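Order of appearance sets the numbers: ligands from 1, and atoms from 1 within every ligand. Values in this document were obtained by computation on a predicted structure and should not be read as measured data.
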Amino acid sequence: MKHTARVLQSFERQVVRAKSTAFIGLGRMGSEMAFNLFSKTFAESPDAHFVVCDAFPTSAIAFRQNFVTQFPGAHIDIVQTPKDAVHASQTVLTMLPSSPQVKTVYSEANGVIPGLQSLSGAESAQTFFIDSTTLDVGVARSVAADVMRTGAQMVDAPVSGGVTGAKAGTLSFLVGGTEGGFELSQPILTYMGNRIIHCGPSGAGLGAKICNNLVLGVQQIVVAEAMLLGQKLGLNPRILAGVINSSTGGCWASSVNNPVPYSLPEKSPPCERNYEGGFATALMLKDMLLATDIAASTDSPLPLGKSAQNFYAETLQHRPDLAQKDFSSVYERLEQMRRKD
Ligand code: NAD
């Protein structure tokens with residue numbers, strides 16, 4: 001009898017686990033992504049289960065509170081560790097700052113991999129991971145290889161589109177992994193984004209993301225330089241931005257994320273909110289370091305990338321208050337340099 005009860009309990013746990021999705025890392029991006037994923041999944045399957053986990057328990061509590069207020073009746077639990085998340089859910093997404101946090105969440109004692117190792121072989125094999133963190137390609141490949149050795153599947157799926165895209169559910173996902181992993185990821189990622197691109201094997205999504213952010217990081221600085229120079233030449237910033245955006249210099253950094261307030265009619269870039277709410281300068285410096293590191297290890301010259309990295313680093317040295325502000329705030333550092341203070 002006792003044995004039958006145990007078998008039934010284990011069966012019920014497996015049924016719930018199969019219907020459960022966990023999200024680890026509820027920061028600026030993760031909280032918006034998890035909200036879209038959970039709310040759209042819940043609309044289709046009201047018996048779905050959700051699990052959240054963050055290093056700051058208050059973030060998980062606030063997320064859960066907001067979610068149940070908007071979706072009364074939803075099953076959403078908070079777990080303390082990534083290991084608990086793997087025990088509870090067959091599908092697990094992670095959105096963390098960078099390589100050290102991914103290593104902690106996946107490989108440490110209370111992490112994902114020990115969690116997988118303590119499950120049955122069949123349960124491990126049914127588990128699927130999507131990591132959307134922007135991190136080092138080598139670390140990502142090695143973590144994915146460790147996960148896959150347990151029988152589970154994993155893809156890297158870093159994103160482009162920022163907090164606005166995360167909130168609107170219009171992110172681009174750059175996926176690295178096997179064809180099978182990509183196919184498993186597609187229906188899940190569709191709840192959070194509208195462009196899902198298979199870039200190649202494990203690590204390829206990150207390679208593409210790092211190359212894109214290398215371009216972006218350089219462009220944002222040069223747009224700030226040009227906008228400052230133009231004003232010193234007596235140009236109205238709105239006219240100058242209009243010229244650049246309808247000419248060969250136009251790019252996202254000038255037409256969407258222009259660093260000069262009120263230079264873009266009908267748009268409201270972070271500079272108009274004291275550079276709040278965009279992509280943090282500290283995260284851009286991290287991405288430039290990822291690019292220069294991988295370039296060094298592949299003997300690929302990055303003269304502009306290296307200069308841009310140095311400029312983000314020296315901006316944060318002189319203006320640590322800009323670390324969490326949008327990276328277009330490098331414009332403020334240029335202005336400060338011009339004033340020589
Ligand atoms: P964030 O710092 O706001 O969020 C990270 C979250 O991870 C935080 O809530 C933090 O508490 C949590 N965390 C850290 N260590 C943890 C651990 N050991 N266990 C559980 N939770 C942990 O960062 P973000 O802006 O959401 O960015 C996340 C990733 O997305 C980064 O790799 C970033 O480069 C990338 N990205 C960000 C943007 C953007 O506009 N913010 C755009 C594209 C890509």
Of the protein's non-hydrogen atoms, which lies at the shortest distance from [atom], and what is that distance?
atom: atom 29 (C) of ligand 1; answer: Leu96 O, 3.3 Å
atom: atom 39 (C) of ligand 1; answer: Phe279 CD1, 3.3 Å
atom: atom 25 (O) of ligand 1; answer: Leu283 CD1, 3.6 Å
atom: atom 34 (O) of ligand 1; answer: Lys286 NZ, 2.7 Å
atom: atom 15 (N) of ligand 1; answer: Gln101 CG, 3.5 Å
atom: atom 3 (O) of ligand 1; answer: Arg28 N, 2.9 Å
atom: atom 30 (O) of ligand 1; answer: Met95 CE, 3.0 Å
atom: atom 19 (N) of ligand 1; answer: Val105 CG2, 3.5 Å

If you count the atoms of ligand 1 from 1 in the order shown, which ones are under 4.0 Å from a heavy atom of [X]?
X: Val159; value: 43 (C), 44 (C)
X: Gly25; value: 7 (O)
X: Phe56; value: 11 (O)

Item to check | Between Phe38 and Phe42, ring centroids under 6.0 Å | outcome: no

Polar contact flag, side-chain donor to acceptor under 3.5 angstrom, [X]-[Y]:
X: Asn310; Y: Glu314; answer: no
X: Thr94; Y: Tyr106; answer: yes
X: Arg17; Y: Ser89; answer: no
X: Asp136; Y: Ser99; answer: no

Checklist entry - Any N or O on Gly27 sitting closer than 3.5 Å to an N or O of ligand 1? => result yes

Next on the checklist: Under 3.5 Å between any N/O of Ala55 and any N/O of ligand 1: does that happen in this structure?
Outcome noted: yes

Item to check | Presence of salt bridge, Lys103 and Glu108, under 4.0 angstrom | outcome: no

Checklist entry - Among Gly162, Ala280, Ser99, whose heavy atom sits nearest atom 42 (C) of ligand 1? => result Gly162

Checklist outcome for this item: Closest heavy-atom approach to atom 2 (O) of ligand 1 among Gly30, Pro97, Gly278 is made by Pro97

Item to check | Rounded distance [0.5 Å steps], OG1 in Thr178 versus CE in Met154 | outcome: 12.0 Å

Checklist entry - What is the ring orientation for Phe182 with His198, classed by angle as parallel under 30°, tilted 30 to 60°, or perpendicular over 60°? => result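 Geometry flag for His198 against Phe182: parallel rings.
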
I'd like to know if [Y] and [X] are part of one continuous hydrophobic network [Ile/Leu/Val/Met/Phe/Trp/Tyr, side-chain heavy atoms within less than 4.5 Å].
X: Val159; Y: Leu26; result: yes
X: Tyr312; Y: Trp252; result: yes
X: Phe67; Y: Ile61; result: yes

At under 4.0 Å between heavy atoms, is it the side chain or the backbone of [X] that contacts ligand 1, or both, or neither?
X: Asp54; answer: both
X: Lys209; answer: side chain
X: Leu26; answer: backbone

